[in-house]
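Worksheet: the structure to be examined is printed underneath.
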Amino acid sequence: DGGITQSPKYLFRKEGQNVTLSCEQNLNHDAMYWYRQDPGQGLRLIYYSQIVNDFQKGDIAEGYSVSREKKESFPLTVTSAQKNPTAFYLCASSSAGTGTYEQYFGPGTRLTVT
Amino acid sequence: QQQVKQSPQSLIVQKGGISIINCAYENTAFDYFPWYQQFPGKGPALLIAIRPDVSEKKEGRFTISFNKSAKQFSLHIMDSQPGDSATYFCAAISDSNYQLIWGAGTKLIIKP
């Protein structure tokens, strides 16, 4: 089965702790993305990567970090510097070729920090 | 200039009715306009998309109408069903980068 997996589905952490969210894809896509979604709101881009070992900040990168050591994997670390980390986090991937813009999304990770 | 404005924020439609969601953009470099459907607790999934060289695209009960001169596009759901109840997002992207610009979303409820 081809697709994107995110784990875990639910994650609970204490304030002040860093936490890493997993995202893996077997679609052979070059580009990967992390979004944050708050209740009743749209998607905001945190980071994206168009190629291995390269990534760019999105609109709300502060307090987050990523790595792209393998084409299949794009983990997101929510650091203690992120002021309001409780949210629904979505990972997506797409082909990087011109004209192929569809982004495929994983099932999401709901992070709760108390 | 990078924004995509989506309306309404929420919409209630009777079963069998037509649901209409509107989006407007400013950046004339946008050349691909997808609509995504998201069910609660799930990731969004592509529903239908259009390029600016056509004014309408239909897939089953879902139609995108595109007005290039007005820089507006809309999603029409014909014969709306309770299973269509979801949040719908419009988006836009240009060929020069891979960053989708998202609308704020419309929560659609279809009443039986």
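Convention: sequence-line order gives letters A, B, ...; per-chain numbering from 1.
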**Report entry** Portion of A:Leu45 that has a non-hydrogen atom of chain B nearer than 4.5 angstrom
**Finding:** side chain

Under 3.5 Å, which donor-acceptor pairs link side chains of residues 5-18 of chain B to any protein atom two or more places apart or in another chain?
| residue | atom | partner | partner atom | Å |
| --- | --- | --- | --- | --- |
| B:Gln6 | OE1 | B:Cys90 | N | 3.3 |
| B:Gln6 | OE1 | B:Gly105 | N | 3.0 |
| B:Gln6 | NE2 | B:Tyr88 | O | 2.6 |
| B:Gln6 | NE2 | B:Thr106 | OG1 | 3.0 |

Requested in this report: Tabulate, in ascending numerical order, the residues of residues 34-46 of chain B having at least one heavy atom closer than 4.5 Å to a heavy atom of chain A, or enter 'none'.
Outcome: B:Tyr36, B:Gln38, B:Gly41, B:Lys42, B:Gly43, B:Pro44, B:Leu46

Requested in this report: Considering only heavy atoms and a distance below 4.5 Å, find which of B:Gly103, B:Ala91, B:Ala49, B:Ala104 pairs most often with chain A.
Outcome: B:Ala104

Report task. Please look at A:Gln37 and chain B and tell me whether the side chain, the backbone, both or neither of the residue comes under 4.5 angstrom of a heavy atom of that chain. Result -> side chain

Query raised in the report: Between A:Tyr10 and A:Leu21, is there a shared hydrophobic cluster once you connect ILVMFWY residues whose side-chain heavy atoms come closer than 4.5 Å?
Result: no

Report task. For A:Asp38, enumerate each residue passing the salt bridge (Lys or Arg N to Asp or Glu O under 4.0 Å) test, keeping only those at least two apart in sequence or located in another chain. Result -> A:Arg36, A:Arg44

Query raised in the report: Please, which pairs that meet salt bridge (Lys or Arg N to Asp or Glu O under 4.0 Å) have at least one residue in residues 12-29 of chain A, sequence neighbours excluded?
Result: none

Query raised in the report: According to a 4.5 Å side-chain heavy-atom criterion applied to Ile, Leu, Val, Met, Phe, Trp and Tyr, with indirect links allowed, do B:Leu47 and B:Ile50 form part of one hydrophobic cluster?
Result: yes

Query - Derivation and outcome, side-chain contact (heavy atoms from CB on, under 4.5 Å), residues A:Asp59 and B:Gln99 - result: CA-CA 11 Å; A:Asp59 300 320; B:Gln99 185 174 343; 3.9 Å; yes

Query raised in the report: Can you hop from A:Tyr47 to A:Leu43 via hydrophobic side chains spaced under 4.5 Å?
Result: no

Report summary line: The reported gap from CD1 in B:Ile93 to CD in A:Gln103 (rounded to nearest 0.5 angstrom) is 6.5 Å

Report task. Applying side chain to side chain contact (heavy atoms under 4.5 Å, CB included) between B:Leu100 and each of A:Tyr33, A:Tyr35, A:Tyr48, report the one that passes. Result -> A:Tyr35

Query raised in the report: Do B:Ile101 and B:Phe66 belong together in a cluster built from hydrophobic side chains that touch within less than 4.5 Å?
Result: yes

Query raised in the report: Under 6.0 Å from the CD atom of A:Gln56, do we count more than 12 heavy atoms belonging to anything else shown?
Result: yes

Report task. Indicate if A:Leu11 and A:Val78 have the same hydrophobic cluster label, given that clusters are the connected sets of ILVMFWY residues with side-chain heavy-atom separations under 4.5 angstrom. Result -> yes

